[in-house]
Q: 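Supplied in structure tokens, the structure appears directly below.
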Amino acid sequence: MDANDAQELQEHAEHGSRDSSMRPVAFTMSVLAVLVAVTTVLGHRTHTQAVLYQNKATDQWNFYQAHKIRANDTSLAADLLSVVAISDKNAASKIARSYADHEDKWLGDLKKAQEDAEALEARVDQAEARADRFDLAEALLEIGMVITSVTLLTRSRIYWYFGIIFSVGGIASALSVLFLK
């Protein structure tokens with residue numbers, strides 16, 4: 001909804017407030033406008049949260065990949081030490097033990113990095129699910145507000161009732177976010 005649409009709805013609401021039979025409709029439109037604004041802000045913030053979690057998950061997967069490459073390089077160097085002719089067997093053995101210690105440590109680090117990345121991806125999915133609910137709520141509330149505004153033009157309250165039905169659906173969608181895991 002842009003500024004012109006909001007201005008037009010406000011004019012309809014002001015016109016409706018002059019007619020006492022249309023005051024409840026005008027009030028409903030005002031409440032719906034506030035609910036649309038709140039739902040829009042919550043939806044935008046939730047989308048931003050999903051993007052930030054996705055960035056963190058990407059960073060974590062990059063960290064995982066860097067450790068995986070380092071572990072693979074160390075394993076290759078250790079394999080190479082075992083097959084080439086070595087002039088100082090003691091030094092080579094010490095280096096091989098050092099590589100083995102690093103490989104053991106990196107194996108644990110890899111597992112933790114993978115778990116952290118998967119946990120962040122789960123948070124992305126959760127944030128996107130919440131954002132989808134807010135988007136649906138915003139759309140239903142806006143539809144409800146527009147249908148309600150038709151009441152002021154036609155003086156037929158059936159549109160007000162239809163607008164309320166859509167708005168209740170929007171409120172339910174927004175509240176359903178509370179029940180998501």
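No hydrogens, no waters, no symmetry mates; every other heavy atom, side chains included, goes into these values.
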Q: Please answer: with hydrophobic residues joined when any side-chain heavy atoms are less than 4.5 Å apart, are F134 and V51 in the same cluster?
A: no

Q: Side chain to side chain contact (heavy atoms under 4.5 Å, CB included) with V41: which residues, sequence neighbours excluded?
A: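 For V41, the residues satisfying side chain to side chain contact (heavy atoms under 4.5 Å, CB included) (neighbours in sequence not counted) are R45.
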
Q: Who are the side chain to side chain contact (heavy atoms under 4.5 Å, CB included) partners of H47, not counting sequence neighbours?
A: A131, D135

Q: Taking salt bridge (Lys or Arg N to Asp or Glu O under 4.0 Å) as the test, write out the residues that go with D132, two or more places apart.
A: none

Q: Just to verify, what does I164 make a side chain to side chain contact (heavy atoms under 4.5 Å, CB included) with, not counting sequence neighbours?
A: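 I164 satisfies side chain to side chain contact (heavy atoms under 4.5 Å, CB included) with T28, W160, V168 only.
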
Q: With sequence neighbours excluded, what pairs up with K111 under the side chain to side chain contact (heavy atoms under 4.5 Å, CB included) test?
A: E115

Q: Could you give me the CA-CA distance, side-chain angles and deciding distance for R155 and S21, then say whether side-chain contact (heavy atoms from CB on, under 4.5 Å) is met?
A: CA-CA 9 Å; R155 304 280 186 236; S21 67; 5.7 Å; no

Q: If you group Ile, Leu, Val, Met, Phe, Trp and Tyr whenever their side-chain heavy atoms sit less than 4.5 Å apart, what else falls in with L52?
A: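 Its cluster mates, by chain and number: none.
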
Q: Check M145 against V36 and note the closest heavy-atom contact, atom names and distance.
A: CE-CG2, 4.1 Å

Q: Which residues pass the side chain to side chain donor-acceptor pair (under 3.5 Å) test with T48, not counting sequence neighbours?
A: none

Q: Just wondering, more than 12 heavy atoms not from F166 lying within 6.0 Å of its CZ?
A: no

Q: Hey, what do you get for OG1 (T58) to CD (Q65), rounding to the nearest 0.5 Å?
A: 12.5 Å

Q: List in chain and number order the residues that pass side chain to side chain donor-acceptor pair (under 3.5 Å) with D116, two or more places apart in sequence or in another chain; answer none if no residue qualifies.
A: K112

Q: Test of understanding: clusters of I, L, V, M, F, W, Y form through side-chain heavy atoms closer than 4.5 Å, transitively. Do I158 and V150 belong to the same one?
A: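 Yes; V150 is reachable from I158 via cluster members.
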
Q: If I compare all heavy atoms of I147 with all of G163, which pair ends up nearest, and what's the gap?
A: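 Smallest interatomic distance, heavy atoms only, reads CG2-N, 3.6 Å.
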
Q: E118: which residues meet the side chain to side chain donor-acceptor pair (under 3.5 Å) condition with it, sequence neighbours left out?
A: Q114

Q: To the nearest 0.5 Å, how far apart are CZ in F162 and CD1 in I143?
A: 13.5 Å

Q: Under a 3.5 Å distance rule, please check whether S173 uses its side chain to pair with a backbone N or O of G170 as donor and acceptor.
A: no

Q: Can you tell me how far the CG atom of L141 sits from the CG atom of L35, to the nearest 0.5 Å?
A: 6.0 Å

Q: Group every Ile, Leu, Val, Met, Phe, Trp and Tyr by side-chain heavy-atom contacts under 4.5 Å, then state whether V38 and V177 land in the same group.
A: yes

Q: For Y159, check ring-ring contact (aromatic ring centres under 6.0 Å, His included) against everything at least two apart and list the hits.
A: none

Q: Please report the shortest heavy-atom distance between L110 and H67, naming the atom on each side.
A: CD2-CB, 3.6 Å

Q: Determine whether L175 and L180 fall in the same hydrophobic cluster, where Ile, Leu, Val, Met, Phe, Trp and Tyr are linked whenever their side-chain heavy atoms lie under 4.5 Å apart.
A: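 No, it is not one cluster - the side chains of L175 and L180 are not joined through contacts under 4.5 Å.
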
Q: Which pair of heavy atoms, one from F63 and one from A113, lies closest together, and at what distance?
A: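 Minimum heavy-atom contact is CD2-CB, 3.8 Å.
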
Q: Compute whether any side-chain donor of one residue and acceptor of the other, for T40 and E138, lie under 3.5 angstrom apart.
A: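 Side chains of T40 and E138: pair found under 3.5 Å.
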
Q: For residues 119-129, please give each side-chain donor-acceptor pair under 3.5 Å, one per line with the distance, not counting sequence neighbours.
A:
unit_1, atom_1, unit_2, atom_2, d
E121, OE2, W61, NE1, 2.9
R123, NE, Y53, OH, 3.4
R123, NH2, Y53, OH, 2.5

Q: Please enumerate all residues that pass side chain to side chain donor-acceptor pair (under 3.5 Å) together with T46, with sequence neighbours excluded.
A: none

Q: Roughly how far, to the nearest 0.5 Å, is OG of S167 from CD of E142?
A: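 Those atoms lie 10.5 Å apart.
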
